[in-house]
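What follows is a single structure, written as structure tokens, with notes after it.
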Amino acid sequence: MEILRSYVEQILAPALTELGVNGDHWKAMIAPSRERTMGDLSLPCFAFAKQLGMAPNLIAEKLQSIIKTTEVISEINSTSGYLNFKISSTWLAKFILSGQIRVGDATGKYPSGKRSVLIEHTSANPNGPFHVGRARNAILGDTLVRLHRLHGNEVRAEYYVDDMGKQVAVLAWALANLSTDRVEEILADREPLNESWKDKADHERVRWYQAAQVLRNDDEIKNDIEREIAAMVHASENGDDNVLTSFENAYQPVLDGMLQTLGRLGITFDEFTRESLFVTNGDVAKVMRQLSNLEIHGIADNGAEYLDLGARGLKGKTEFYFRRGDGSSLYATRDIAYHIWKFKQCENLINILGEDHKLQSKQVSLTLTELGYSTPEVLFYSFIKLPEGKMSTRKGNVVFMDDLLEEAKAHAAQVVREIRSDYNTEQIDEIAEAVGTSAVRFNIIKVSPDKGFTFRWEEALSFDSDSAPFIMYSHTRTRSIAKKCHDLGVNVAQNNDLNLSEIPESMYELLRIIACHNDILARAVEQSRPNLFANQLLNLANYYNGFYRDCKVIKDGVVNHTFFAISEIASKLLKSGMIGLGITPLEQM
RNA sequence: GGCCCCAUAGUGUAGCUUGGAUAUCACACUGGUUUGCGGAACCAGUAACCCGUGUUCGAAUCGCGGCGGGGCCGCCA
């Protein structure tokens, strides 16, 4: 609870001086109390023991006896070497009711101009539909975009489109050379295309991609195919317009289909940047010339060039190749050109990458440093597995995001139908869509990014626990109460009608969690850990429910203005926080 | 084989940077309350620091060594 910090320091300073503690290094030691019942901020006294020749618990007790409570700090206690400070409920209520807690807006309407960041996320190869593993990137990335905006940062969300290279070439080759019948013949032993997606290009065209992958393993013809594909790749890397156009015709409908899926999850981008740009505009050639002049530069027998990053602390395989023997560039080389370009757009970069990109990302960063540029922050995430092993678009053992969203929606509709028999089909459909997509997002962001997990249908479709629907329901309840107040002719709580003489425990608890709300948001943003804020929103919803139980906003047809004002503040924080996580706030559900 | 990441109750998670309280919070589970300003609610209880070792008055936290899970080690992307 950072709002309390300066007040604690203020009363602590003279007391510590009196005891004989000099300097202000103790300020850094003040930390949130471990348990809420003890206090809000605590000072561990162990570090003073040696200097003062006193036991820590005696120091804490001594300090407690010296320090007097204030209007802000209503309780000071000492337990086993800790001095605990608890915030005054009355002061806190006044503070919060005076509107001093920033609500924020995750859609970016009210940037504070604090910081401007360019977040690149997703950037999936446009060769097939999203499966839940690939979608972790998009969901984490988009949530980070939203949380930065909620925090007040200006954000540009960017998708780097891989419009050249082998994966796209394979797709283009297949579409040009294989008939529909031929594709189905090759994939005869696999699951057929799900009828629901037969007009969605990402689902449709991935079969061409998969069929081509099968043929590339066929000993009789693979050499011919490989030669044709290599020629296309080579041409694309030299900026051949015809080939790049054929690539675009192949992948763009696929990308559109993929973006349609993301759109359903509320994920959009401000900018799409194509990899080929840096080949055609000469940036890549320029970067390669610069790299060739570096001290750590080396040349292989066939003319391929690399940097020896071992000289810069890289362990394991230290040669980082940036130019092939035939003079063409590699993916990482183009990525360096892309980063240099990104730094011209914005000085703070964040990338969201799968853990398989760790080495690559390290190589890019070391090289950028070598060239005198700064480096991006990177959020790495582990993969989502299936109980039977890892997912692979190539092999076809995946759970498609489109299928998951449909299942989640169907499940949500079933629950709503049971609970709200009076809703019509249209209402149920709208609620089910919001609940289904929100639940899917939340189940992914509540897990720490660096931990892998196994996808289970049962868990993905579970709404009854620590889930988005729980938060959504609390928010809906706040709206329902506000509507009732409105019906009673009370639209806004009257400030002069507030009564703070008696503050119930559960209201105090809600106020305390509200007071920490933006501390948690700041930490989630600074450390790129959306799961921290997901947990905060769950807590907020929980404490609101406790408040709701004990503090009746409307009793016997009369509105309690104090409770109503608190309820409305919680409602706003819930709503802005939900949008920050990509959960859809509803008026009724 | 080499390098990197992860490991806290049944599940998820905080704490680890800067060692110090009875290890946080939520869900699940068990028991209870309650017919509600929306019960998708509330209250209570059970339950965990991967193993070993070192440093220390004190280790979830720091060092070393293991086990387990994941990733990487292409002139692929």
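Only this structure's heavy atoms are used, side chains among them; waters, hydrogens and symmetry mates stay out. Computed from a predicted structure; not experimentally measured.
Look at A/Y82 and the base of B/A21; the rings stack, centres closer than 5.5 Å and planes less than 30° apart.
Between A/H357 and A/Y331, the two ring planes are perpendicular [angle over 60°; tilted spans 30° to 60°]. Between A/Y338 and A/F278, the angle of the ring planes lies from 30° to 60°, which puts this pair in the tilted group. The aromatic rings of A/Y544 and A/F547 lie tilted to each other, with the angle between the two planes from 30° to 60°. A perpendicular orientation is assigned to the rings of A/H517 and A/F533, their planes being inclined by more than 60° (bins at 30° and 60°).
Nucleotides B/U22 and B/U30 are separated by 32 Å at their P atoms, to the nearest Å. Across the C1' atoms, B/U53 and B/C67 are found 15 Å apart, a figure rounded to whole Å. Comparing B/A44 with B/U61, their P atoms sit 31 Å apart, to the nearest whole Å. B/A9 sits 26 Å from B/U18 when the P atoms are compared, rounded to a whole Å. Comparing B/C64 with B/A26, their C1' atoms are spaced 36 Å from each other, to the whole Å. Between B/G58 and B/G68, the two P atoms lie 32 Å apart (nearest whole Å). Separation of the C1' atoms belonging to B/G20 and B/A60 is 13 Å when rounded to the nearest angstrom. Between the P atoms of B/A41 and B/A28, the separation comes to 8 Å (whole Å).
Figure legend. B/C16 is base-paired to no nucleotide; pairs are counted as Watson-Crick or G-U wobble with both atom distances under 3.5 Å. Base pairing of B/C29 is made with B/G45, judged by Watson-Crick or G-U wobble geometry with both donor-acceptor distances under 3.5 Å. With both pairing distances under 3.5 Å, B/U35 is matched to nothing as a Watson-Crick or G-U wobble pair. Nucleotide B/G68: paired with B/C6 (Watson-Crick or G-U wobble, both distances less than 3.5 Å). Both distances falling under 3.5 Å, in either a Watson-Crick or a G-U wobble arrangement, place B/U53 opposite B/G63.
The distance between atom CG of A/D450 and atom P of B/C16, rounded to the nearest whole Å, is 14 Å. B/U24 atom P lies 14 Å from atom CG of A/N535, rounded to whole Å. Per the geometry, CD1 belonging to A/I481 stands 11 Å off C1' belonging to B/G36, to the nearest Å. Separating the CG atom of A/N57 from the P atom of B/G20 is a distance of 17 Å, rounded to the nearest angstrom.
Within the 3.5 Å criterion, the main-chain N or O of A/S567 finds no donor-acceptor partner in the side chain of A/S571. For the pair A/Y159 (side chain) and A/A124 (backbone), a donor-acceptor distance under 3.5 Å is present. A distance-only check finds a donor-acceptor pair linking the side chain of A/N443 to the backbone of A/A460 [under 3.5 Å]. Judged purely by atom type and a 3.5 angstrom limit, A/S328 has no side-chain atom pairing as donor or acceptor with the backbone of A/R324. Remark: the backbone N or O of A/D450 is not paired with any side-chain donor or acceptor of A/E355 at under 3.5 angstrom.
Within the structure, every side-chain polar atom (N or O) of A/N545 is placed at least 4.0 Å from both OP1 and OP2 of B/A40. For B/U17, neither phosphate oxygen OP1 nor OP2 lies less than 4.0 angstrom from any side-chain nitrogen or oxygen of A/R523.
Among the atoms of the strands shown, base atoms are found under 4.0 Å from some heavy atom of A/T476. Nucleic acid contact for A/M589: base, since at least one base atom lies under 4.0 Å from a heavy atom of the residue. Nucleic acid contact class of A/G325 (heavy atoms, under 4.0 Å, all strands): base. Base engagement by A/Q588 is indicated by at least one non-hydrogen atom pair under 4.0 Å involving a base atom.
Not a single donor-acceptor contact under 3.5 angstrom links the side-chain atoms of A/D326 to the base of B/C75. Between the side chain of A/E35 and the base of B/A21, no donor-acceptor pair under 3.5 Å is found.
Near RNA chain B, meaning a heavy atom under 4.0 Å from it, residues 162-172 of chain A has A/D162, A/Q167 in order of number.
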